[in-house]
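Structure first, then comments.
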Amino acid sequence: MGKTLISEGHRQEAAKYLLEAAEMGNVHAMYYVGICYKNIDNKEYVSANWLYRAARKGVSAGFKELEKMAKKDVSIAQVHLGTCYFYGYGTKKNRESAAYWYIQAAKLKNPQGYFNLAKCYEHGEGVKESKEEAL
C-alpha cells in the first residue's frame with residue numbers, strides 16, 4: 001500500500017503505512033519512509049535517519065539517497081554518509097571519505113559532525129592523527 005501511495009504522489013499518507021513496517025525492522029520500509037520524508041519541509045532529519053538505518057542494513061539505495069542529500073548541505077545526511085563510509089554501510093569502507101563528510105557537517109556546525117571528526121583526528125582515521133585537532 002505504501003509503495004502505491006508513493007507512486008501516486010501521496011508521500012505523507014504512504015509514510016503512515018510504511019512507518020509501522022519500518023519500526024518492526026523491514027529494511028525496504030525504512031528506505032521508503034526515508035524517501036517519503038525527503039522532500040517535506042523540516043523533515044530532512046527524519047528522512048536521513050531512516051535512509052541511514054536502511055543503509056546500515058545493506059540497502060545501497062539508502063546510501064545513494066543520503067549522498068544526494070549530503071551534497072545539498074543537509075548536515076545530518078553528511079554525518080550519516082560519513083558513518084556509512086567509516087563502517088562500510090551500503091558502500092566500501094573509506095575512512096578518508098568518512099572524514100571528508102564529517103568535515104562538511106562540522107562546517108555546518110553539526111554537533112555530531114564535530115564529535116565524529118574529533119574521533120577521526122584522535123585515532124588517525126582518514127586524517128593525520130592530531131590530538132590538538134581532536135580537541
Side-chain angles (χ1 to χ4, degrees):
M1 182 68 158
K3 285 172 63 174
T4 302
L5 288 167
I6 290 172
S7 67
E8 294 173 355
H10 305 290
R11 290 178 182 237
Q12 286 184 314
E13 189 175 347
K16 293 175 191 174
Y17 287 97
L18 293 164
L19 192 56
E20 184 176 343
E23 288 173 342
M24 291 173 54
N26 182 300
V27 296
H28 298 291
M30 291 174 190
Y31 169 76
Y32 284 112
V33 169
I35 293 299
C36 287
Y37 285 111
K38 187 174 173 193
N39 295 314
I40 298 173
D41 289 337
N42 301 314
K43 295 293 183 180
E44 294 95 354
Y45 187 86
V46 174
S47 174
N49 284 335
W50 281 108
L51 292 170
Y52 171 69
R53 291 168 97 177
R56 270 189 78 168
K57 299 286 186 177
V59 179
S60 61
F63 170 84
K64 291 175 183 164
E65 289 298 325
L66 279 173
E67 188 173 43
K68 289 177 190 177
M69 292 175 75
K71 289 179 179 178
K72 292 182 179 178
D73 288 337
V74 177
S75 70
I76 189 62
Q78 292 171 335
V79 170
H80 287 323
L81 186 62
T83 303
C84 286
Y85 275 118
F86 195 88
Y87 293 106
Y89 300 145
T91 189
K92 290 184 180 181
K93 266 187 202 179
N94 184 327
R95 300 289 164 88
E96 291 81 14
S97 292
Y100 170 82
W101 286 108
Y102 295 150
I103 289 167
Q104 300 314 304
K107 286 179 181 176
L108 295 173
K109 302 188 184 331
N110 182 292
Q112 191 66 47
Y114 283 128
F115 178 80
N116 291 1
L117 181 57
K119 297 299 278 181
C120 287
Y121 277 115
E122 180 180 21
H123 301 287
E125 299 280 1
V127 292
K128 186 177 178 182
E129 185 176 323
S130 171
K131 302 300 183 195
E132 293 80 25
E133 283 294 323
L135 287 173

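Heavy-atom basis, side chains included; hydrogens, waters and symmetry copies ignored.
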Pairwise side-chain contact, N110 with Q78, heavy-atom cut-off 4.5 Å (strictly under): no
Side-chain donor/acceptor of N26 to backbone N/O of A22, under 3.5 Å: no
K38 side chain to E44 backbone, donor-acceptor under 3.5 Å: no
K119/E122 ion pair, N-O < 4.0 Å: yes
Non-hydrogen atoms of Y121 and A134 that approach each other most closely: CB-N, 3.7 Å
E129/K131 salt bridge by N-O under 4.0 Å criterion: yes
Parallel, tilted or perpendicular: rings of Y52 and H80 (30°, 60°): parallel
Atom of A29, atom of L18 and distance for their closest heavy-atom approach: CB-O, 3.6 Å
Cation-pi, Y85 ring and R95 (6.0 angstrom, 45 degrees): no
Side-chain donor/acceptor of Y114 to backbone N/O of I103, under 3.5 Å: no
Short side-chain to backbone donor-acceptor contact, E125 and C120, under 3.5 Å: no
A54 to V27 - nearest heavy-atom pair and separation: CB-O, 3.9 Å
S47 side chain to G34 backbone, donor-acceptor under 3.5 Å: yes
